[in-house]
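Source: prediction; values computed, not measured.
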Amino acid sequence: MRAVVIEKPNTIALKDVETPTPPKGFARIKVKAAAICATDLEIVDGNIPANYPITPGHEWSGIVDAVGDESDSHWIGKSVVGSNDIICRKCEACLSGNWRYCDSFEEIGFKRNGAYAEYVIVPVYGLVEKPENISFEHAALCEPLGVALGTFKKAKANIGSTLMIIGAGSIGLSMLAVGKAMGMQKIVVCATKDSRLQMARDMGAYATIATNEENMEEKIKEYHPDGTDLVIDATGIEECIQGCLRVAKRGGTVMLAGYGRGKVMNIRIDDIHVKNLKLIGAGNNWNMFKKAIALMESGKVDLSSFVTHRIALEDYQKGLDMARKRPDGFLKAVFVNE
């Protein structure tokens, strides 16, 4: 089969590799769609620990092609999405549903080969059947949608809370979609690119703030004069995180959903201490695929507009370049396999 392989940081190629055979408890998926995530660039650059050589890709959908155990044969031929989490399924963390706290946790696309390929091996226990009314491309976005669902769950968000989101990439806009579905009010999205802000407005944001043209901390007072109940950073940028702490209301919640790329950052502790803020790390999806696909199926959340570019595996470098440079009109590039 063909697969995009990162041999080592900054060395990447499309190669012919052996088609994998699923072991017991796993399924082989014929990949129909695999979206490029910004964190994949961190693997290319060597900023995230990975088992090189590695095929990236953790946002995927496809058709079950083979299984490692006859008892799982009922999955063969089904269209699916699924969890990227390889776990023991025996420890306290696994049994409580907190799969990513498992001591033996490994993630597809980081420690195990991912979906920038014609086939990918995934655990049967994480499979979720794709509804017919959801395209493969749309279904591949269950993973970022799951990040948003997990973030709000961890924050114990309440209906009617005011919400501000900094960052309008796929994670930030997924937060907007879920916030609306959950009944958050006066949702304000902040970003630099007008095309992203327009998408936020099209998705129903109450207001947007162009942070390269307007003073975010002054402007948000027009919409949330008493401060903001829930503030999400979806950028991982120091200045943005500092701003989140300042605009959150007393007793409010700040959720850190952006990847910080390993950087050490400065924050003013009193912005947290004096205001009694709740600061929450929100960097993964907490096994949310069933809820994500159910929201898509119901029509309450529609991320299909996120797919702005469709590419073939041989165009991987074009896709990665777009993800890195983020030209106007770009949000997600998706590998589409016929």
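- The same ILVMFWY cluster, assembled from side-chain heavy atoms under 4.5 Å apart, contains both L41 and L14.
- Both M203 and L149 are assigned to one and the same hydrophobic cluster, defined by single-linkage of ILVMFWY side chains at heavy-atom distances under 4.5 Å.
- Environment of NZ in K78: crowded, with over 12 heavy atoms of neighbouring residues, nucleotides or ligands closer than 6.0 Å.
- Taking CD from E143 and OG from S83, the interatomic distance works out to 9.0 Å, rounded to the nearest 0.5 Å.
- Residues meeting the side chain to side chain donor-acceptor pair (under 3.5 Å) test with K193, sequence neighbours left out: none.
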Checklist entry - Should F110 and I48 be marked as a side chain to side chain contact (heavy atoms under 4.5 Å, CB included) after you check the CA-CA gap, both sets of side-chain angles, and the distance that decides it? => result CA-CA 8 Å; F110 298 88; I48 292 179; 4.0 Å; yes
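- Between F105 and E107 there is a side-chain heavy-atom pair separated by less than 4.5 Å.
- Between the K186 side chain and the H224 main chain, no donor and acceptor come within less than 3.5 Å of each other.
- The closest donor-acceptor contact from the side chain of N337 to the backbone of V31 lies under 3.5 Å.
- With sequence neighbours excluded, the residues forming a ring pair (Phe, Tyr, Trp, His ring centres under 6.0 Å) with F335 are Y116, listed by chain and number.
- Side-chain contact between K111 and P49 is present, with at least one heavy-atom pair separated by less than 4.5 Å.
- Around the CD atom of E92, the shell of radius 6.0 Å holds no more than 12 heavy atoms that belong to other residues, nucleotides or ligands.
- The shortest distance between side-chain heavy atoms of E7 and I54 does not fall below 4.5 Å.
- A continuous path of ILVMFWY side-chain contacts below 4.5 Å connects I166 to M265, so both sit in one hydrophobic cluster.
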Checklist entry - Passes side chain to side chain contact (heavy atoms under 4.5 Å, CB included), N113 versus I108? Steps please. => result CA-CA 6 Å; N113 283 329; I108 291 168; over 6 Å; no
Identify every side-chain donor-acceptor pair in residues 157-165 under 3.5 Å, counting partners at least two apart or on other chains, and give the distances.
residue: S161; atom: OG; partner: N158; partner atom: O; Å: 3.0
residue: T162; atom: OG1; partner: D229; partner atom: N; Å: 2.9
residue: T162; atom: OG1; partner: D229; partner atom: OD2; Å: 3.1

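- Within the structure, every pair that satisfies the salt bridge (Lys or Arg N to Asp or Glu O under 4.0 Å) test and touches residues 199-208, not counting sequence neighbours, is listed here: D194-R201.
- For the side chain to side chain contact (heavy atoms under 4.5 Å, CB included) test, residues two or more places apart in sequence or in another chain that qualify with A200 are L173, L176, V189, A205, T208.
- Within a 6.0 Å radius of NZ in K290, no more than 12 heavy atoms belonging to other residues, nucleotides or ligands are found.
- Between the CD1 atom of I187 and the OG1 atom of T228 there is a distance of 11.5 Å, given to the nearest 0.5 Å.
- I29 pairs with exactly one of V122, I63, D65 by the side chain to side chain contact (heavy atoms under 4.5 Å, CB included) rule, that one being V122.
- Residues L303 and L141 approach most closely at O-CD1, 3.4 Å, considering heavy atoms.
- A donor-acceptor pair is defined here as one N or O able to donate and one able to accept, closer than 3.5 Å; such a pair exists between the side chain of K275 and the backbone of L245.
- A distance of 10.5 Å separates SG of C244 from CG of L277, quoted to the nearest 0.5 Å.
- Put simply, the side chain of Y125 gets close to the backbone of I87: a donor and an acceptor are under 3.5 Å apart.
- The shortest heavy-atom contact between L145 and A292 is CD2-O, 3.5 Å.
- Within the structure, the salt bridge (Lys or Arg N to Asp or Glu O under 4.0 Å) test picks out no pair touching residues 167-182 (sequence neighbours left out).
- With sequence neighbours excluded, the residues forming a side chain to side chain donor-acceptor pair (under 3.5 Å) with D69 are S71, listed by chain and number.
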Item to check | side chain to side chain contact (heavy atoms under 4.5 Å, CB included) between W75 and V80, worked out | outcome: CA-CA 9 Å; W75 280 106; V80 295; 3.7 Å; yes
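- Counting all heavy atoms, side chain and backbone alike, Y316 lies closest to A13 at OH-CA, 3.4 Å.
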Next on the checklist: Determine whether V231 and T253 satisfy the following criterion, side chain to side chain contact (heavy atoms under 4.5 Å, CB included), listing intermediate values before the conclusion.
Outcome noted: CA-CA 6 Å; V231 184; T253 299; over 6 Å; no
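- Nearest heavy-atom pair across M199 and S305 is CE-O, 3.9 Å.
- Here OG1 of T19 is found 7.5 Å from CD of E118. Values are rounded to the nearest 0.5 Å.
- Under a 3.5 Å cut-off, the side chain of N98 and the backbone N or O of Y101 do not form any donor-acceptor pair.
- Atom CD1 of I209 is separated from atom CD of E218 by 10.5 Å, given to the nearest 0.5 angstrom.
- T39 pairs by the side chain to side chain donor-acceptor pair (under 3.5 Å) definition with nothing, not counting sequence neighbours.
- Within the 3.5 Å criterion, the main-chain N or O of V64 finds no donor-acceptor partner in the side chain of R28.
- For the pair S298 (side chain) and K300 (backbone), a donor-acceptor distance under 3.5 Å is present.
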What donor-acceptor contacts under 3.5 angstrom involve side-chain atoms of residues 307-314, with partners at least two apart or in another chain?
residue: T308; atom: OG1; partner: L331; partner atom: N; Å: 2.9
residue: T308; atom: OG1; partner: K332; partner atom: N; Å: 3.3
residue: T308; atom: OG1; partner: K332; partner atom: O; Å: 3.2
residue: R310; atom: NE; partner: E137; partner atom: OE1; Å: 2.7
residue: R310; atom: NE; partner: E137; partner atom: OE2; Å: 3.2
residue: R310; atom: NH2; partner: E137; partner atom: OE1; Å: 3.1
residue: E314; atom: OE1; partner: R2; partner atom: NH1; Å: 2.9

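- Taking every heavy atom of both residues into account, C240 and T235 meet most closely at CB-OG1, 3.4 Å.
- Atom CE of M288 sits about 12.0 Å away from atom CZ of F152, to the nearest 0.5 Å.
- Within the structure, salt bridge (Lys or Arg N to Asp or Glu O under 4.0 Å) pairs that include any residue of residues 36-45 comprise E42-R261, D45-R324 (at least two apart or interchain).
- Listed by first and then second residue, the salt bridge (Lys or Arg N to Asp or Glu O under 4.0 Å) pairs that reach into residues 236-248 are E217-R246, sequence neighbours excluded.
- Between L320 and I36, the closest side-chain pair of non-hydrogen atoms falls below 4.5 Å.
- Within a 6.0 Å sphere centred on NE2 of H273, other residues, nucleotides and ligands contribute 12 heavy atoms or fewer.
- Connection of I171 to V254 is not established within any shared hydrophobic cluster, with ILVMFWY side chains joined at heavy-atom distances below 4.5 Å, either directly or through further cluster members.
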For residues 128-136, dump all side-chain donor-acceptor pairs below 3.5 Å to protein atoms at least two apart in sequence or in another chain.
residue: K130; atom: NZ; partner: I134; partner atom: O; Å: 2.6
residue: N133; atom: ND2; partner: E297; partner atom: O; Å: 3.1
residue: S135; atom: OG; partner: H138; partner atom: N; Å: 3.0

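- Across all their heavy atoms, I12 and V44 have their closest contact at CD1-CG2, 4.3 Å.
- In the hydrophobic cluster analysis, where Ile, Leu, Val, Met, Phe, Trp and Tyr join through side-chain heavy atoms closer than 4.5 angstrom, M255 is grouped together with M184.
- Between the side chain of D315 and the backbone N or O of K318 there is no donor-acceptor pair closer than 3.5 Å.
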